[in-house]
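Below, each value reflects all heavy atoms present in this structure, side chains not excepted, and no hydrogens, waters or symmetry copies.
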Amino acid sequence: MIDFLIKSTISLLVLLLFYHLILEKEKMFHFNRYFLLVSLLFSLAVPFASFKIHQDIPVLYNNVIPQQTITAENLPVQTEVVNITAIEETNYLLPLVWLIYIVITLALSFRFIRNIYKITSKAKGAKVIIQKDARLVLLTEETLPYTFWNSIYINQNDYENRQIEQELFTHEIAHVKQNIHSM
């Protein structure tokens, strides 16, 4: 397990360093996203790869054991009985690490699904307006504008009273257009 984590971490660090030094400044957003996703998958797969190196080692025959004739007189005879008791040690570290991993994964998955449900349930009970290829979901609660998929969630009073700055609205529209074009 430790070997897996070390190899995966080193691979992630190398690919992340490559991203920050070379790709981060580029304007290829789609390529950068796919590079980061593939880097993550690649780093998870790298520890399972194994490489065999074949090397011929010369054998020296200088120390040859002399041949002996084995007869009944020179065979060693064992006269005492030895009882061997096998003690099996159980390593609980690996199952414990897997249990912690599964518990954290389930907790984060539950939180993710709960947050998706909260956002989609807000859209069901709110007024929806279509504007510039985006769905404006007008919420009664006080909230700052944010984008989820192709919907912009904004406060209804701020929208109706035109209290939302144009730059902020343009920014959220850009997120929607970026999401539509990436599909």
Side-chain angles (χ1 to χ4, degrees), residues 1-2 4-49 92-183:
M1 181 72 179
I2 299 297
F4 174 84
L5 290 175
I6 290 171
K7 288 178 182 178
S8 182
T9 303
I10 289 172
S11 174
L12 271 174
L13 287 175
V14 168
L15 292 170
L16 188 62
L17 184 66
F18 177 78
Y19 172 77
H20 280 296
L21 292 177
I22 297 173
L23 295 177
E24 190 174 36
K25 298 173 188 98
E26 300 298 324
K27 300 298 179 197
M28 305 178 296
F29 298 116
H30 293 284
F31 178 78
N32 288 353
R33 284 183 195 147
Y34 289 117
F35 176 81
L36 290 173
L37 288 173
V38 170
S39 297
L40 181 62
L41 295 175
F42 178 78
S43 296
L44 291 175
V46 161
F48 296 112
Y92 293 107
L93 181 63
L94 186 61
L96 179 65
V97 169
W98 276 109
L99 179 67
I100 292 170
Y101 175 79
I102 290 170
V103 167
I104 290 173
T105 301
L106 289 175
L108 292 175
S109 297
F110 173 75
R111 180 176 168 222
F112 177 73
I113 292 169
R114 188 189 72 208
N115 288 341
I116 295 291
Y117 176 76
K118 281 182 182 179
I119 290 174
T120 55
S121 65
K122 286 180 183 180
K124 289 180 183 174
K127 183 178 176 183
V128 177
I129 300 172
I130 305 295
Q131 182 177 355
K132 294 185 182 179
D133 295 331
R135 291 177 60 221
L136 299 179
V137 180
L138 304 178
L139 303 174
T140 56
E141 63 189 50
E142 283 294 323
T143 184
L144 292 174
Y146 61 92
T147 303
F148 183 73
W149 290 109
N150 65 340
S151 300
I152 300 174
Y153 294 79
I154 56 177
N155 181 274
Q156 184 173 0
N157 290 334
D158 291 345
Y159 177 75
E160 290 172 351
N161 296 330
R162 298 192 183 273
Q163 294 178 344
I164 299 174
E165 297 175 14
Q166 186 61 34
E167 292 84 13
L168 183 60
F169 188 71
T170 305
H171 174 83
E172 297 302 328
I173 290 288
H175 282 299
V176 171
K177 288 181 180 177
Q178 186 178 26
N179 189 24
I180 289 173
H181 294 300
S182 67
M183 290 184 177

Working to the nearest 0.5 Å, report the span between [atom1] of [X] and [atom2] of [Y].
X	Y	atom1	atom2	result
Ile173	Gln166	CD1	CD	9.0 Å
Leu15	Tyr19	CG	OH	13.0 Å
Ile164	Tyr159	CD1	OH	8.0 Å
Leu17	Leu12	CG	CG	12.0 Å
Phe35	Ile22	CZ	CD1	8.5 Å
Leu16	Leu21	CG	CG	9.5 Å

Do side-chain atoms of [X] reach the backbone of [Y] as a donor and acceptor pair under 3.5 angstrom?
X	Y	result
Ser121	Tyr117	yes
Ser11	Lys7	no
Asn155	Glu141	yes

- prompt: For atom OH of Tyr101, is the number of surrounding heavy atoms from other residues, nucleotides or ligands below 6.0 Å larger than 12?
  reply: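 No.
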
- prompt: Should the heavy atoms of other residues, nucleotides or ligands under 6.0 Å from CZ of Phe42 be counted, would the total exceed 12?
  reply: no

- prompt: Only one of Val137, Val128, Leu136, Val176 forms a side-chain contact (heavy atoms from CB on, under 4.5 Å) with Ser151, so which one is it?
  reply: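 When side-chain contact (heavy atoms from CB on, under 4.5 Å) is applied between Ser151 and each of Val137, Val128, Leu136, Val176, only Val137 qualifies.
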
query: So which heavy atom on Leu139 is nearest to which on Thr143, and how close?
result: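 Looks like CD1-CG2, 3.8 Å.
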
query: Cut-off 3.5 Å, side chains only: do Thr147 and Glu172 have a donor facing an acceptor?
result: yes

- prompt: Does any non-hydrogen side-chain atom of Ile152 lie less than 4.5 Å from one of Arg135?
  reply: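 Contact flag for Arg135/Ile152 side chains = no.
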
- request: Please assess Phe112 against Ile116 for the test side-chain contact (heavy atoms from CB on, under 4.5 Å), listing each intermediate value before the final yes or no.
  value: CA-CA 6 Å; Phe112 177 73; Ile116 295 291; 4.0 Å; yes

- prompt: Can you check side-chain contact (heavy atoms from CB on, under 4.5 Å) on Leu44 and Ser8, steps first, answer last?
  reply: CA-CA 6 Å; Leu44 291 175; Ser8 182; 4.2 Å; yes

query: Could you go step by step and tell me if Gln131 and Phe169 meet the side-chain contact (heavy atoms from CB on, under 4.5 Å) rule?
result: CA-CA 11 Å; Gln131 182 177 355; Phe169 188 71; 4.0 Å; yes

